[in-house]
Amino acid sequence: SADTAVDPLFQVNAYRVTLPSDVLFAASEATLQANAQPLLDSILQDIGRYPDATILVGSYTDIETDSSTPTELSYQQALAVRRYLSQRLGDDTLHWVAVGYGNSPIGSTGGVQLSRRITIAIVP
C-alpha cells in the first residue's frame, strides 16, 4: 500500500480529528482564540451524528511549552475545547471526556509544533 501524503495538521480518520493547538490557542494559553470557533464548528455536525457517543478530547503539549505544569495546561486546553463543543451542541446525551496528556512528541518525524495538538475522538 502506497503511503499517501496527508496534511499532518488536519487529519481525519474514522471518528477522529486532529487539530493543531497553535490554531486553537495562543502559546501556553488555555483560552480559545476567536479563529478556533469556525474550525471547531466545522466538526459539530460529525459529532452530532452519534447520539449517546463518548467524545474524547485529548490535548498534547510539547517540550517547548512554557509552563511548569504541561499536563495541567494540556488538561485545561482539553476542557476548553470540550466546553465549547458541548455548549454548541447542547446535546446532553453525549458523554464527554477531557484528557491532558502533557508533553508528547510525535516520533522523530514530527516537529515540536506538530506535538502541540488536540485530538477529538468519537467513540460510538
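Sorted by first then second residue, the ring pair (Phe, Tyr, Trp, His ring centres under 6.0 Å) pairs that include residues 20-50, not counting sequence neighbours, are Tyr15-Tyr50. Sorted by first and then second residue, the pairs that involve residues 48-61 and meet salt bridge (Lys or Arg N to Asp or Glu O under 4.0 Å), not counting sequence neighbours, are Asp46-Arg49. Sorted by first and then second residue, the salt bridge (Lys or Arg N to Asp or Glu O under 4.0 Å) pairs with a member in residues 69-83 form an empty list; sequence neighbours excluded. Each ring pair (Phe, Tyr, Trp, His ring centres under 6.0 Å) pair with one or both residues in residues 70-102, not counting sequence neighbours, appears once here: Tyr60-Tyr101.
Closest approach of Gly102 and Ser74 over heavy atoms only: N-OG, 2.9 Å. Across every non-hydrogen atom of Pro70 and Thr61, the tightest pair is CB-OG1, 3.4 Å. For the pair Ala34 and Pro38, the tightest heavy-atom approach, listed with the atom from each and the gap, is O-CD, 3.6 Å.
Under the rule for a salt bridge (charged side-chain N to carboxylate O under 4.0 Å, His left out), the partners of Arg88 that lie at least two apart in sequence or sit in another chain are Asp41. In this structure Val97 satisfies the side-chain contact (heavy atoms from CB on, under 4.5 Å) test together with Thr54, Leu56, Val99, sequence neighbours excluded. Shown here are the side-chain contact (heavy atoms from CB on, under 4.5 Å) partners of Ala30, two or more places apart in sequence or in another chain: Leu73, Gln76, Gln77. Checked against side-chain contact (heavy atoms from CB on, under 4.5 Å), Ala26 has the following partners two or more places apart in sequence or in another chain: Glu29, Gln33.
Side-chain atoms of Asn35 and Leu24, non-hydrogen and from C-beta on, never get closer than 4.5 Å to each other. Contact of the Arg16 side chain with the Ile122 side chain is not registered, since no non-hydrogen atoms from C-beta on lie closer than 4.5 Å. Between Ile120 and Leu85, some side-chain heavy-atom pair lies under the 4.5 Å cut-off.
Placement of Val23 and Leu44 within a single hydrophobic cluster is found when ILVMFWY residues are connected by side-chain heavy-atom separations under 4.5 Å, directly or transitively. Connection of Ile47 to Val123 is not established within any shared hydrophobic cluster, with ILVMFWY side chains joined at heavy-atom distances below 4.5 Å, either directly or through further cluster members. Hydrophobic cluster membership is shared by Leu39 and Leu89, with clusters built from Ile, Leu, Val, Met, Phe, Trp and Tyr side chains linked at under 4.5 angstrom.
With rounding to the nearest 0.5 Å, the separation of CZ in Arg117 from OG in Ser59 is 9.0 Å.
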